Amino acid sequence: MTMTISKPLIEMSYSELERWWAGYVEEQKSWGGILVKPYPELLTTWYAERLIDGSIPASKENISAAKRHMRDLDRQGSDDFPWVFDEEKGHRPIRFIEQKCKPSKGDFDQLVLQPWQHFVIGSLFGWVHKDTGIRRFREALDMVARKNGKTTKISGLSNYMLGFDEENGARIYVLANAEQQAHELFDEAKAMVEKSPFLSKRYKAQRNRIKFEKEFSEIQARASDSKRLDGLNTHLGIFDEIHEFKDFKLINVIKKSRGARKQPLIIYITTAGYVLDGPLMQYFDNGKECLENLEDNLDERTFYYIAKLDNPKEADRPELWIKANPNIGLMDFVNLVTDWQKERKSPQERADWMTKQFNLFSNVDELSFVENETINKNDKTIDIKELEGKECIGGYDLSETEDFTAAALEFPLENGDVFILSHSWIPQARYDKDGNQRRLDEWKEAGDLTVIPGDYVKYEYVYDWFVEQSNKYHIKLITYDRAKALYLNKSLENYGFQTEMVIQGFLTLGGSMQNFKEMMLDRKVIFNNSKIFRWYLSNVKLVKDRNSNWMPTKQSANRKIDGFAAALNAHTQVMNMLSKPTGEGNIKFISVNDLLK
């Protein structure tokens, strides 16, 4: 359902772009990709289907969000998943915005929400508990590039929640990092009320409040630098541009203020940004992890919509810009392309486009190590009892004392496969602050994770694990990263283990990493579908030096790779064992005359 391109859009002249764009818009309108008037039905599921079948290009994350919706439809109302999708409740706020709200700017009289907005809003309000009707989602990350109707969505939802969500005494907060920005959002919501005959008769728009006196409800603005942040009672908290937030101060205030509400909602609407250690990166990280691992049922009460390009190379393919700009059909596309043709040549302007228009946090030369499809196909299992007495190589990665620590044994198998047995440890303090304790409990129950009492990892646990395993398997060598390892390594040597340091660099790890990936592509890595090891693998990114040597790195501070690092240390030795020629050892001399005979 996309237009044929005779030559790359990035190479077209202004006139050529105009002609192509006019045809594209008409083609999209013909089947509903662009709506020109309100659609009478909810399009949440229709949109999800279009992402999955590729009719509408979307980021990998949003395709997974669509699959999440379809998967949840299949299991709705079950004992394990008590939520059901109520299309009437999902459509209600959309109808309100289209029928009762008026745009405060522009030369059009009616708001028409597009299919992607049906997906976001319909999901937030349509998924409810089968018995109580309470909304499933308590939080949402709505990440889109600039100029995608963010302010309209904030204003429309704020006005809906003020008087039409059946909440007496509702407190609605429009939130930003700076007070001036928060008041600009408030002023947009206020202008929407004043422009609407329906709303202006029911709401009272004051200088700092919008009141619905019938239900004693109010909309107010708040910001990180607001003088007064106490006494809040949040029914809806809607944040603008949390990429600017450096800490969780205001976010935590809003979260803690929703205790008296039966179905509060917090929405973070933002583009990507430059604060790479703030709240947005954590939420973005949580979202990617949730959407990449649907079977783990993570964050079931948080909704994620992450519109972005999948890689920087797609910036030169404007037909894919819809991935980051779902409202592209309503934008001045032709001028956007001609601006990009010029501004991409400037490093500073290019970086701004990458972040704000394409929703990429950085343009660092980092690549995914292996895709989820590759991880999934390495699904063979073996009975580990068959490995007793077999030769293996150990490896460990100590990381930080208060975080994940991991150890692994890698077994070279006779058929050329490898088997990885790994174990991880975290301190109780780390467990207590983890946002996904349910997943940690699964790993504990599977026997792959040990939670250690206290605030840090005692390395005696790692020592004891290797000693215990040596009673079952022949540990030929234990490899390690020397960082923070001197005490443990000396203890292992004193016990009788042979150890070898692995220098953590491109030259020493690059070949091992490439070989490990090749083995995964050939379905030769067996880890008995360990969920924690699968998690480690999915978190690994690789960086290349100027000579294209590889090094592993984690995708962010919250995405740990310790178990993979331990296995990779072991693999530096195992790959050499796999490459040794095998034979009976009987060597005979055959002369040329013998061959002629």
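Nothing here was measured: the structure is a model prediction, and the numbers come from that model. FYI, the numbering just counts along the sequence from 1.
Checked against the 6.0 Å centroid threshold, Phe333 and Tyr24 do not count as a close aromatic pair. Ring centroids of Tyr283 and Tyr268 are separated by less than 6.0 Å, placing the two rings close together.
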Taking distance alone, no hydrogens or angles, what donor-acceptor pairs closer than 3.5 Å link side-chain atoms of residues 443-451 to residues at least two apart or in another chain?
residue : atom : partner : partner atom : Å
Asp448  : OD2  : Ser530  : OG           : 3.1
Thr450  : OG1  : His423  : NE2          : 2.7

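Between Ile10 and Arg317, every side-chain heavy-atom pair lies at or beyond the 4.5 Å cut-off. Between Glu314 and Asn311 there is a side-chain heavy-atom pair separated by less than 4.5 Å. In this structure, the side chains of Asn569 and Leu509 come closer than 4.5 Å at one or more pairs of heavy atoms. With a 4.5 Å cut-off on side-chain heavy atoms, Leu578 and Met519 count as touching. You'll find the side chain of Arg534 reaches within 4.5 Å of the side chain of Asn376, heavy atoms only. Using a 4.5 Å heavy-atom threshold, the side chains of Asp562 and Ser424 count as separate. For the pair Phe516/Leu537, a side-chain contact is recorded, criterion being any heavy-atom separation below 4.5 Å from C-beta on. Considering only heavy atoms from C-beta on, Tyr396 comes within 4.5 Å of Asn489 through its side chain.
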Item to complete: Applying side chain to side chain contact (heavy atoms under 4.5 Å, CB included), run through Phe303 and Asp142 and close with a yes or a no.
Response: CA-CA 8 Å; Phe303 174 79; Asp142 182 1; over 6 Å; no
Worksheet entry | Verdict with supporting geometry, Phe466 and Tyr495, ring-ring contact (aromatic ring centres under 6.0 Å, His included) | CA-CA 10 Å; Phe466 276 118; Tyr495 182 82; over 10 Å; no
Practice prompt. Run the numbers on Leu141 and Thr302 for side chain to side chain contact (heavy atoms under 4.5 Å, CB included), then give the verdict.
Written response: CA-CA 8 Å; Leu141 175 63; Thr302 304; 5.7 Å; no
Discussion item. Walk me through whether Trp321 and Met331 qualify under side chain to side chain contact (heavy atoms under 4.5 Å, CB included).
Written reply: CA-CA 11 Å; Trp321 289 0; Met331 294 182 179; over 6 Å; no
Practice prompt. Please test Met354 against Arg350 for side chain to side chain contact (heavy atoms under 4.5 Å, CB included), starting from the C-alpha separation and ending with a verdict.
Written response: CA-CA 6 Å; Met354 287 292 180; Arg350 182 182 180 88; 3.6 Å; yes
Worksheet item: Which is it for Gln437 and Asp441 under the side chain to side chain donor-acceptor pair (under 3.5 Å) test, yes or no, and what are the steps along the way?
Response: CA-CA 6 Å; Gln437 290 181 348; Asp441 290 338; over 6 Å; no
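Of the possible donor and acceptor atoms, one in the side chain of Ser538 sits under 3.5 Å from a partner among the backbone N and O of Trp535. Asn378 places a side-chain N or O within donor-acceptor distance of the main-chain N or O of Thr374, the cut-off being under 3.5 Å. Looking at Asn325, its side chain does come within 3.5 Å of a backbone N or O of Gln357 through a donor-acceptor pair. A donor-acceptor pair is defined here as one N or O able to donate and one able to accept, closer than 3.5 Å; such a pair exists between the side chain of Asn148 and the backbone of Asn327. A donor-acceptor distance shorter than 3.5 angstrom exists from the side chain of Asn528 to the backbone of Ile382, with no hydrogens or angles considered. Gln341 contributes a side-chain N or O that, together with a main-chain N or O of Met12, makes up a donor-acceptor pair within less than 3.5 Å. For the pair Thr270 (side chain) and Met143 (backbone), a donor-acceptor distance under 3.5 Å is absent. Without hydrogens or angle criteria, Asp383 side chain to Lys385 main chain gives a donor-acceptor distance under 3.5 Å. Of the possible donor and acceptor atoms, one in the side chain of Lys377 sits under 3.5 Å from a partner among the backbone N and O of Leu521. In this structure a side-chain-to-backbone donor-acceptor pair under 3.5 Å is present from Asn539 to Lys560.
Between atom CE of residue Met577 and atom CZ of residue Phe411 there is a gap of 10.5 Å, rounded to the nearest 0.5 Å. Between the CD atom in Glu292 and the NZ atom in Lys60 there is a gap of 8.5 Å [rounded to 0.5 Å]. Gln469 CD to Leu387 CG: the interatomic distance, rounded to the nearest 0.5 Å, is 11.0 Å. For the atom pair Leu477 CG and Gln498 CD, the distance stands at 6.0 Å (nearest 0.5 Å). Once rounded to the nearest 0.5 Å, the distance linking CE of Met501 with OG1 of Thr572 reads 11.5 Å.
Between Tyr536 and Phe404, the angle of the ring planes goes over 60°, which puts this pair in the perpendicular group of the 30/60° scheme. Classified by interplanar angle (parallel below 30°, tilted 30° to 60°, perpendicular above 60°), the ring pair Trp425/Trp465 is perpendicular. The aromatic rings of Trp340 and Trp353 are tilted relative to each other, their planes meeting at an angle between 30° and 60°. Note on ring orientation: taking the six-membered ring where Trp is involved, the planes of Trp116 and Tyr305 are parallel (angle under 30°, cut-offs 30° and 60°). Aromatic ring pairs are classed by plane angle as parallel below 30°, tilted from 30° to 60° and perpendicular above 60°; the pair Phe527 and Phe533 is tilted.
When every heavy atom of Leu280 is checked against every heavy atom of Gly273, the shortest pair comes out as CD2-N, 4.5 Å. Closest approach of Lys458 to Ile452, counting heavy atoms only: N-CD1, 4.1 Å. Contact detail for Tyr473 and Cys392: the closest heavy-atom pair is CB-SG, 4.0 Å. Of all non-hydrogen atoms in Glu391 and Pro412, the two that sit nearest each other are O-CD, 3.6 Å. Nearest heavy atom pair, residue Thr381 against residue Ile526, reads CA-CG2, 4.1 Å. Contact record, Thr271 with Ala145: CG2-C, 3.7 Å, taken as the closest heavy-atom pair.
A salt bridge links Glu295 with Arg71: the closest approach of a Lys/Arg side-chain nitrogen to an acidic carboxylate oxygen falls below 4.0 angstrom. A salt bridge is defined here as a Lys NZ or Arg NE, NH1 or NH2 lying under 4.0 Å from an Asp or Glu carboxylate O, and Arg75 with Asp72 meets this definition. Ion pair Glu343/Lys356 not flagged as a salt bridge, since none of the NZ, NE, NH1 or NH2 atoms sits closer than 4.0 Å to an Asp/Glu carboxylate oxygen. Ion pairing of Arg523 with Asp379 is present here, as a side-chain N (NZ or NE/NH1/NH2) and a carboxylate O approach within less than 4.0 Å.
Other residues, nucleotides and ligands place more than 12 heavy atoms under 6.0 Å from the NZ atom of Lys7. No more than 12 heavy atoms of other residues, nucleotides or ligands sit less than 6.0 Å from atom NZ of Lys490. Summarising the local packing, CD of Glu414 is surrounded by 12 or fewer heavy atoms from other residues, nucleotides or ligands at distances under 6.0 Å. More than 12 heavy atoms of other residues, nucleotides or ligands lie within 6.0 Å of CG in Asn415, so this atom counts as buried by the packing criterion. Residue Glu460 qualifies as enclosed at atom CD: its count of foreign heavy atoms under 6.0 Å is above 12.
Every residue two or more places apart in sequence or in another chain that forms a side chain to side chain contact (heavy atoms under 4.5 Å, CB included) with Ser59 is listed here: Glu61, Asn62, Lys308, Asp310. Shown here are the side chain to side chain donor-acceptor pair (under 3.5 Å) partners of Arg344, two or more places apart in sequence or in another chain: Asp316.
The residue from Asp481, Thr479, Asp397, Leu568 that alone fulfils the side-chain contact (heavy atoms from CB on, under 4.5 Å) condition with Val502 is Thr479.
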